[in-house]
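Have a look at the structure below before the remarks.
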Amino acid sequence: MRRRPGRAIVAAPGGFLHLSLLASLRRRPSLQAHAQLLLLGLPLPPAAASRLLRPHLRAGHPLASLRLFLRMIRDHQASPTSATASREQETVPNSHSLSAALAACSRHESPFPGFCIHAFLLKSGFTYDIFAANSLLHFYASFGLHSLARNLFDEMPLRDTVSFNTLIDSYVQSGCIDSAFGMFRNMVKGGFQLDGWTITALLGACAELRDLMVAKAAHGFARRASRQKLFNSEEVVIGIVDMYVKCGAVQLARKVFDLSEEKAKNVRVWSVVLSGYARAGEMDEAQRLFNEMPNKDLVAWTVLIGGYVQAGRYNEALQLFEEMEATGLEADEVTVVTVLSACVQRGAIDLAKRLHCLVNQNGLISKNARVATSFVHIYAKHGCIKTAMDVFHGVADELKTVELFNSMIHGLSHNGYGEKAISLFDEMESLGLYPDGTTFVGVLCACSRSCLVMQGYKMFNSMLDKYGVKPDIKHYGCMVDLLGRAGRIDDAYSFIQNMPFKANHVIWSSLLTACKIHGNNKIRKLVENQILALDTTYKPEKLTLSGLFSDKKRKEVAARVRKAIRHKSEQRHTR
DNA sequence: GAGGCAGTGA
């Protein structure tokens with residue numbers, strides 16, 4: 001019976017065909033993919049399509065939903081609906097299918113399909129209703145295209161609470177808190193009904209201000225709004241708790257949590273409080289709360305593991321991960337990245353390898369650039385450059401990110417494969433990815449380690465001119481290192497003198513090392529004097545620096561450095 | 001039939 005719907009389709013006519021198919025799909029969702037194949041090549045009426053789009057969205061397949069919608073557009077362009085066509089025979093997309101397709105666009109990795117739909121709507125003169133318009137608004141907001149969202153909002157003939165909520169939230173997400181409050185004022189002035197979403201968006205705005213007084217005022221506002229029955233109080237509990245956590249007031253967050261009704265205490269709220277303790281470094285309290293949690297989900301485990309990592313308690317983080325695995329929960333990308341950061345700190349390469357097997361099985365490593373980036377980092381750090389390269393190449397080109405390239409370029413550079421690192425830079429460019437500041441640190445390091453002076457200069461000079469990346473002190477430091485390693489001590493010294501920044505301890509110590517290696521005593525003396533004259537606010541580094549004066553002759557200078565630090569430190573304490 | 005709120009790093 002599995003293939004029955006297929007046979008029915010061959011015999012059934014037009015619009016009825018799709019609807020009867022859809023009716024059978026509702027009973028047998030597993031047949032959706034098969035049904036799609038059968039629909040291929042047939043004109044797709046929107047009444048049928050819009051019912052197919054949402055199941056795809058709900059199943060987490062926005063792309064499938066989008067493909068269907070784009071087919072509808074193509075069908076419509078091929079045979080526009082006649083004036084006498086019935087509702088089931090219409091080929092023009094309607095507001096149902098539009099809102100579903102735009103929701104898919106919001107979840108898509110590129111804004112391009114959404115642009116196409118908007119362009120199609122403008123071109124076809126389709127007048128979209130409030131649902132479609134709000135979906136389009138959300139699409140622009142979800143890609144951070146706030147000015148386009150605002151333009152659309154201004155042009156919308158009709159707005160409602162959802163339109164305002166979407167725009168306010170978009171402003172909050174982009175950190176434009178003043179605009180969010182401004183929009184809220186307009187909403188109130190316009191007499192629009194506030195709801196739980198409005199209040200939650202406002203709480204989010206207040207959270208971004210990181211101001212406890214504002215947070216308390218917002219809490220009071222939310223309570224008053226709740227008393228006026230604008231929403232159910234449990235709707236906004238998570239917003240209030242999250243706001244207090246972001247303002248660093250975990251105790252207040254806990255109090256709200258403890259006093260809230262049981263139905264408001266969903267697993268998300270538990271995790272927010274948990275993350276508050278983790279952020280505050282109160283890991284014992286976090287652990288106690290975690291133990292009390294009735295349903296520990298993956299996020300809660302990850303929050304706790306991340307908290308232990310942040311607190312530097314790596315062994316506990318790793319142990320917790322093993323406990324999590326024992327419960328049968330499968331790590332996702334965030335968990336893997338969090339655990340890997342503990343592995344990096346602890347040198348736990350064996351656990352990293354075990355994780356590697358795990359993510360190999362579920363395909364996470366090749367599908368997720370973040371996960372791959374973390375693996376490349378740990379393998380390269382442990383000198384396993386071949387494995388790091390395998391991980392890197394296992395990711396499809398279209399999924400590769402600047403961060404993944406950066407990790408690989410740094411790994412190659414630190415393992416002495418300077419030229420390979422530079423060729424990777426070219427590969428990155430050919431894929432249309434733009435290098436950032438981190439990329440250039442890696443590439444300049446690669447030039448430095450491989451003594452590619454001319455190449456280094458070329459890269460350094462191209463940063464601003466070609467890529468619009470302004471060199472910062474780290475890039476200048478790389479250049480000093482490059483010149484120093486190549487024995488061009490005088491050039492390095494004059495490079496430092498022409499820098500737009502004052503050289504820091506890292507740059508001077510790099511040159512000092514080069515002076516020692518290349519036996520340039522003249523510059524060495526100058527550098528030592530510069531180090532002595534440095535501001536000593538970096539006390540630990542200065543003490544480390546003095547370790548550079550390791551040979552017997554320089555012990556005296558080392559003692560002077562330490563003395564100068566002590567003296568300045570005492571001066572600061574007596575002030 | 002539209003909109004979200006919790007966890008990750010180099």
Side-chain angles (χ1 to χ4, degrees), chain A residues 50-51 53-54 57 94-103 106 128-139 141-142 149 160-170 172-173 195-204 207 235-243 245-246 253 264 266-276 278-279 297-307 309-310 317 331-342 344-345 368-378 380-381 401-411 414 436-439 441-442:
Chain A
S50 53
R51 287 179 215 176
L53 297 182
R54 291 225 167 264
L57 274 179
N94 58 21
S95 89
H96 286 260
S97 50
L98 254 179
S99 59
L102 284 164
S106 302
Y128 32 97
D129 69 354
I130 189 75
F131 284 94
N134 282 342
S135 305
L136 195 56
L137 195 63
H138 179 254
F139 156 72
S142 64
D160 66 1
T161 298
V162 173
S163 326
F164 275 95
N165 289 351
T166 305
L167 205 63
I168 292 173
D169 196 57
S170 145
V172 175
Q173 297 304 321
D195 65 7
W197 296 71
T198 322
I199 305 299
T200 310
L202 279 179
L203 291 167
E235 267 185 71
V236 296
V237 165
I238 192 166
I240 298 169
V241 170
D242 185 54
M243 177 178 68
V245 162
K246 285 190 175 141
N266 58 35
V267 68
R268 284 192 164 211
V269 186
W270 279 86
S271 289
V272 176
V273 183
L274 202 58
S275 74
R279 281 177 195 216
D297 70 350
L298 186 61
V299 174
W301 281 96
T302 311
V303 169
L304 200 65
I305 292 170
V309 173
Q310 290 296 320
D332 73 354
E333 56 159 296
V334 182
T335 321
V336 170
V337 172
T338 306
V339 175
L340 275 177
S341 70
V344 170
Q345 299 296 333
N368 190 293
R370 282 183 170 186
V371 171
T373 304
S374 296
F375 275 106
V376 166
H377 175 67
I378 192 167
K381 194 169 177 180
T401 60
V402 174
E403 290 77 12
L404 178 60
F405 269 96
N406 287 352
S407 203
M408 196 64 251
I409 288 172
H410 278 257
H414 288 292
D436 61 10
T438 312
T439 320
V441 171

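Lettering follows sequence order; numbering is per chain, from 1.
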To the nearest Å, how far apart are [X] [atom1] and [N] [atom2]?
X         : N       : atom1 : atom2 : value
Glu333(A) : dT8(B)  : CD    : P     : 12 Å
Leu340(A) : dA10(B) : CG    : C1'   : 12 Å
Leu203(A) : dC5(B)  : CG    : C1'   : 10 Å
His377(A) : dT8(B)  : NE2   : C1'   : 13 Å
Ile130(A) : dA2(B)  : CD1   : P     : 14 Å
Gln345(A) : dT8(B)  : CD    : C1'   : 14 Å
Asp436(A) : dG9(B)  : CG    : C1'   : 13 Å
Leu137(A) : dG4(B)  : CG    : C1'   : 14 Å

> With stacking defined as ring centroids separated by under 5.5 Å and planes differing by under 30°, is Trp197(A) stacked against dG3(B)?
Replying inline: yes
Just compare [options] and give me whichever is closest to any side-chain atom of [X].
X         : options                 : result
Asp195(A) : dG9(B), dC5(B), dG3(B)  : dG3(B)
Thr338(A) : dT8(B), dG9(B), dA2(B)  : dT8(B)
Ser341(A) : dG3(B), dG9(B), dC5(B)  : dG9(B)
Thr302(A) : dG7(B), dG9(B), dA6(B)  : dG7(B)
Asp169(A) : dG3(B), dG4(B), dA2(B)  : dG4(B)
Val299(A) : dA6(B), dG3(B), dC5(B)  : dA6(B)
Val334(A) : dA2(B), dC5(B), dT8(B)  : dT8(B)
Phe131(A) : dA2(B), dA6(B), dG7(B)  : dA2(B)
Thr200(A) : dG3(B), dG4(B), dA10(B) : dG4(B)
Thr335(A) : dG7(B), dG3(B), dA6(B)  : dG7(B)

Can a side chain N or O of [X] be found less than 4.0 Å away from OP1 or OP2 on [N]?
X         : N      : result
Lys246(A) : dA6(B) : yes
His96(A)  : dA2(B) : no
Gln173(A) : dG3(B) : no
Arg279(A) : dG7(B) : yes

> With no hydrogens and no angle check, is any side-chain donor or acceptor of Ser170(A) less than 3.5 Å from a backbone partner on Thr166(A)?
Replying inline: no
> So which of Asp160(A), Asp129(A), Asn165(A) actually passes side-chain contact (heavy atoms from CB on, under 4.5 Å) with Asn134(A)?
Replying inline: Asp160(A)
> Looking only at heavy atoms, which two atoms of Gly306(A) and Thr338(A) are closest? And how far apart?
Replying inline: CA-CG2, 3.4 Å
>> Minimum heavy-atom separation for Asp297(A) and Ser271(A), please, with both atom names.
In response: OD1-OG, 4.1 Å
> Looking at dG4(B), does its base get a donor-acceptor pair with the side chain of Asn165(A) below 3.5 Å?
Replying inline: no
> What residues form a salt bridge (Lys or Arg N to Asp or Glu O under 4.0 Å) with Asp242(A), not counting sequence neighbours?
Replying inline: Lys246(A)
> Under 4.0 angstrom, heavy atoms only, what part of the nucleic acid is Lys381(A) near: base, sugar-phosphate, or nothing?
Replying inline: nothing
>> Once you apply a heavy-atom cut-off of 4.0 Å, does Val162(A) come out as touching a base, just sugar-phosphate, or nothing?
In response: base
> By side-chain contact (heavy atoms from CB on, under 4.5 Å), which residues pair with Ala253(A), not counting sequence neighbours?
Replying inline: Val241(A), Tyr244(A), Val245(A)
